[in-house]
Structure formats: C-alpha cells, structure tokens
Amino acid sequence: MIRFDNVTKAYKNGTVAVRNVSLDIQKGEFVFLVGPSGSGKTTCIRMLLREELPDRGRIWVAGREIIHMPKWRVPYLRRNVGCVFQDFRLLPNKTVFQNVAFALEVIGRPKSVVESQVPQVLDLVGLSKKRDNLPSELSGGEQQRVAVARAFVNRPLILLADEPTGNLDPGTSQGIMRLLDRINRTGTTVVVATHDAALVDWMRRRVVELDQGTIVRDQARGVYGIDANTGPVPRTEVGARRS
Amino acid sequence: MPLSADYIARETATNLWRNRLMTIAAVLTVAVSLALVGAALLLKQGAANAENYWQRGTQVTVWMKASSSPSESHAVGSELKQLPYVHACSYHSQLADYREAKTLLSPGEFQALTVKTTPASYRCTPNQPQYAQAVYNRFNGQPGVLKVSAPFSQIHTMEETITVLQWVFLSVALVLLLSAGVLILNTIRMAIFARRREVSVMKLVGATNWFIRLPFMSEGLIQGLIGSIVAAAVVFGLHALLNSLANPNNPGTVLYQMRLSGWELFGTDFVVVLIGVLIGSVGSAMAIRRFLDV
Ligand SMILES: Nc1ncnc2c1ncn2[C@@H]1O[C@H](COP(=O)(O)OP(=O)(O)O)[C@@H](O)[C@H]1O
Ligand SMILES: [Mg+2]
C-alpha cells in the first residue's frame, strides 16, 4: 500500500530530513512512525501527500509511483490518502456537519452522497449530537474527531495522522487512538507519526523509528523505547508476520 | 468530475459580498472606463456616418475671372460636361453670383462689389468626393479661370476635432481600464487571502486545481461583467439622448448626420461587454497565478 524505496530528502537550506529510507507498509496495517522531534516524520508524511518531492528514491502509494506522477493527478492521489494534523485545521465558520461535508463537496460529490455519508461518519466518530456546533464550541478531542471524520468521509485507502494527539490530554488521546484503530479495522491502512511514548506502548502495533532521517528500528509489536524483554525485532520477523 | 454549479455560484456570491467595498470600486471603475470606450466608439461610427453626408454635399466651384471672354467660359463649361466623374454642373451668371454674395457677405465687404466685378461660376458635384481634387487640378490656372474651390478644409476641421476627441476618450479609457484591471486583481487577491484556510483544506482533501480556482475566476469575471453592463446601459442612454436631440426635420444638423443604426449601437454595446469580461478574466487570472499556488 505504501512503499519507500531508498528515499532521500534534503530541504533547500541543506538539512537532510530523510536519508536512504526504505519502508514497506501493507494494506490494512497500523503503523507508528516514532522518533524525536526533527527526525523526519512530518517530512515522510508530506512526501506521501506529495506536498514535498524527494531528491532521490521512489515512493509508491496505492500501487502508483507518485514521484513522477503528473501534477493533475495529485488531487486524485489525495482523495485516496486522508490526513489529520496536530492543529486539526477545521474551518472555524463552518459547523461540524459543514466541515465534513466540505471535503465531499469540493471533490464534486453530489448532494445525495453528502447527505448519506456525512451522518454516517459523524456517527462513527461519535459526534452525531454535535453536528450543528461550531468547532469553537467543541473540546480539543472532539475537534480532532471532526478532523478524522473529514479525512475518512471519502473512505480513503490510507489514513495518515501527524501528531494527532499532540494537543490533547492522555485520556482524550486514547479515545482518538481507539477511533483510529476502529478505522483501521475497516481495512484502512493507518500511519500515525507521534512522539507520544505512552500511546505507542499502549497500542502495541508496528513501530518504525526514525532518528535523524534514518530508520533505526522496525518492530512488529513495538513500544516507543526499545523493549527490554523482546529487544528490537529484526526486519525478517516483520516480513514473516505479514506473510 | 461534475463541477457543481451550485457550489461555484455560492462561493462566488460569498466572496463578492465579503469584499463588497472593493467589488463596488472595481465595478465602478470598469463601468466608467468602458462607458468612455463606448462613447469613443459611438463618436467614431457617428463621424463615419456623417462623413457620407458631408462628402455627398461636396461641391466644387470653378470661378471664372470677371474679365474672362465668353469663349473661355464656354470652353470650361463644355469640358466640365464631358468629365465622366462629374455628376452635374450648373452655371451661375455674374448677376446670380452678385445676388448670392449680397446674402452671404457683410455690407462692408459687399459694397466693393458690382455685377461687373463679380465672377461667374460653375457649381459641380463630383460622383465621389475625392474627385473634387481632380477637378481642382484640371481647371486651376486654365485661361479665364479665377480659382477652383471646394470645402476641403471645413470637412477636415470637423473630422480632426472628432479624431482628437476620440483619442482623448480612448486614452483616458485605457488608463481607467488598466486601473480597473488592477482593482479586480486586488479584490481577487484579497478573496484568496480571506479564504486561505479553505484553499488549504481543499488541496488536502483532493479538490482539483480548477475547482479551487473557479470561484475566484468567476468572481473577477462577474465584476467585469457587471461593470460592462452598466457601461453598456450608459452608452445606450447616451445614444437615446443624442437621438432625441437630433431633429429629423433638419437633416443639416451634425447630430442628425451622425446618428447610428440600431445594429451599430448593438455592436458597440457588444464590444463594451466583451472588453469588460476580458478585463475581469485577465485580472483574476493574474491574481490566481500570483497568489494562489495550487
Ligand atoms: N520546510 C523546511 N525547510 C527546511 N528544513 C525543514 C523544513 N521542514 C523540516 N525541516 C527540517 O527537516 C528535519 C526533519 O523535520 P520534520 O520532518 O518536521 O521532523 P519531525 O516531524 O520528526 O519533527 C528537521 O531538521 C527540520 O528542521
Ligand atoms: Mg513533525
């Protein structure tokens, strides 16, 4: 579903944000991208959305090579890749319903689709009762749920989340993780970039650790730090789990 | 992908309303500049129409010297008659010209004149105005001919005045059109800035570039269109006013001679609206290119 092949990305100021990264993520997987601030997590996500282009290497998303993809195809790529951020990015003057509906309207979905899909996804994230509230009338956790609903309403193949719990307290964060887990169980591939150790430890999912732009660990049922009991799982074991 | 017209219309209306002061400024500038363009076009066509009148009336007068002999006069008369490009000639005797001069000249000037010193004349209408010059070339300086005259200069002055007026209108209009374009560009820039959050969400969820651009594009287009429709109405009104002032019982007046047909008016309004739409599109296209990176 997602494949990085020896990807290197340097920004214009010379910072090498991602160095020789190769990574395979299968359909339906739930993957944590962890590492300290500045280790290149956001850069990886931006490249998956083709907001940034790598300097070397190739990237496949949903079976398509996206580096040489013509510009006009990029919107169609993004329809297959939902994304949520630390700062929610909701439109402040639209209600919950309108925020989610907006994502369908602007890709030309007919009214009938909007009217059936939006209530359904609001139900999924547990915000049916707040559909007519403005974002400013919601808690942080609720706002992030709206953002997840907006990212998922078009049923993308992949859901990316960049520090989705960065602004939330631990209890609320767990709620968001449970929601992402539920979405993952519908068959959607989920990639979460985070440095929230407690959450990663709690979820026990595949962990890919970046440090200064290189992958230093890829563990099937990992925790945030290196697990003293099991130690780092070798890559072959990750592959074995998949097959 | 089905572009929902409903969505575009709603977004455009919202943008226009949010930016209403700038919108009004842009629309008014478009209207004033295009009204000037329209007036200049009316003037140009009016002058072209009137020119037909003026030239149709172009008369060449061959004045005979008072001292000329009857045979000289006769020679000129018969030669004029044979010219293929001269429509008709009439002979005015010395007495006839003396009487005419009495009505045209001031008493002081007339006092010096007697029938004997008044030149007789042939008044000729050429088939086409430009042949007046040919008649002039042929008879000026011929024995017995005093001079050949045609109202070249009068027509010239009239046309020159209209040409100057036309250029003044057009250059003022050009400056105003430029500022109208810049105003539209600026309103679109402000609209893009006001909606940068929406635009970034649209990009994120995979709206196509055209879907993102279209509301801004149509906003500029509508500003140009409304402005030009106002201008077209002004041009229409101006035309109606001039027409009502032109007295059909007196075909000699300039206004009557300059009057336009319905088709000419329609064509002018069409050009005005076309330019308005063009200005709106170019203004918003430039704003989108510079300020909306999708
Ligand atoms: N737009 C940018 N221009 C220059 N350098 C950047 C830019 N974005 C990120 N970087 C640098 O790239 C490195 C990786 O950043 P990032 O991918 O944001 O890491 P993370 O998300 O893991 O904190 C950092 O050193 C950061 O300073
Ligand atoms: Mg980051």
Side-chain angles (χ1 to χ4, degrees), chain A residues 45-46 48-51 61-62 66 69-85 87-94 98-114 117 135 146-162, chain B residues 1-23 187-222 284-294:
Chain A
I45 292 203
R46 288 175 61 80
L48 283 175
L49 290 165
R50 233 190 84 153
E51 286 178 354
V61 173
I66 66 165
M69 178 180 269
K71 225 180 158 183
W72 65 266
R73 284 206 76 100
V74 172
Y76 301 94
L77 163 73
R78 291 183 186 161
R79 291 176 194 191
N80 275 326
V81 186
C83 195
V84 298
F85 303 92
D87 56 359
F88 319 137
R89 304 200 187 170
L90 300 177
L91 300 174
N93 48 3
K94 288 191 193 293
Q98 288 166 342
N99 262 284
V100 178
F102 188 70
L104 290 178
E105 283 165 351
V106 301
I107 59 172
R109 294 283 182 271
K111 222 173 173 174
S112 58
V113 172
V114 173
Q117 291 295 98
V146 179
V148 171
R150 181 178 68 192
F152 190 60
V153 70
N154 191 37
R155 308 287 152 157
L157 297 167
I158 298 166
L159 187 68
L160 306 176
D162 191 3
Chain B
M1 187 189 74
L3 272 184
S4 102
D6 179 48
Y7 168 83
I8 306 278
R10 216 170 52 223
E11 290 300 301
T12 306
T14 314
N15 281 352
L16 285 170
W17 179 246
R18 197 178 308 184
N19 263 338
R20 56 196 173 274
L21 269 182
M22 282 294 292
T23 299
T187 34
I188 306 302
R189 192 185 73 142
M190 284 171 66
I192 290 172
F193 185 73
R195 294 175 54 76
R196 61 198 182 284
R197 283 165 182 276
E198 276 91 341
V199 168
S200 76
V201 170
M202 286 164 99
K203 284 194 252 181
L204 181 71
V205 300
T208 55
N209 291 347
W210 277 113
F211 201 93
I212 297 173
R213 287 175 181 150
L214 227 52
F216 298 113
M217 203 67 210
S218 68
E219 185 186 342
L221 194 109
I222 284 179
S284 46
M286 279 172 67
I288 286 168
R289 270 186 79 94
R290 281 211 49 194
F291 304 110
L292 185 71
D293 64 303
V294 289

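Naming convention: chains lettered A, B, ... in sequence-line order (proteins, then strands); numbering from 1 in each chain.
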- Message: Donor-acceptor check, side chain of A:Arg50 to backbone of A:Ile66, threshold 3.5 angstrom: yes or no?
- Response: yes
- Task: Name the region of A:Leu90, side chain, backbone, both or neither, that has any atom closer than 4.5 Å to a heavy atom of chain B.
- Result: backbone
- Could you check if a side-chain atom of A:Arg79 sits within less than 4.5 angstrom of a side-chain atom of B:Thr208, using non-hydrogen atoms only? yes
- Comparing A:Arg78, A:Lys111, A:Glu51 against chain B, the one with the most heavy-atom pairs below 4.5 Å turns out to be A:Arg78
- Task: Run through B:Arg18, B:Arg195, B:Arg213 and flag the one making a salt bridge (charged side-chain N to carboxylate O under 4.0 Å, His left out) with B:Glu11.
- Result: B:Arg195
- The interface call for A:Pro156 against chain B, heavy-atom contacts under 4.5 Å, is neither
- Item | For the student: nearest non-hydrogen atoms of B:Leu204 and A:Arg150, plus distance | CD2-NH2, 4.4 Å
- Using non-hydrogen atoms only, which part of B:Arg10 is less than 4.5 Å away from chain A: side chain, backbone, both, or neither? side chain
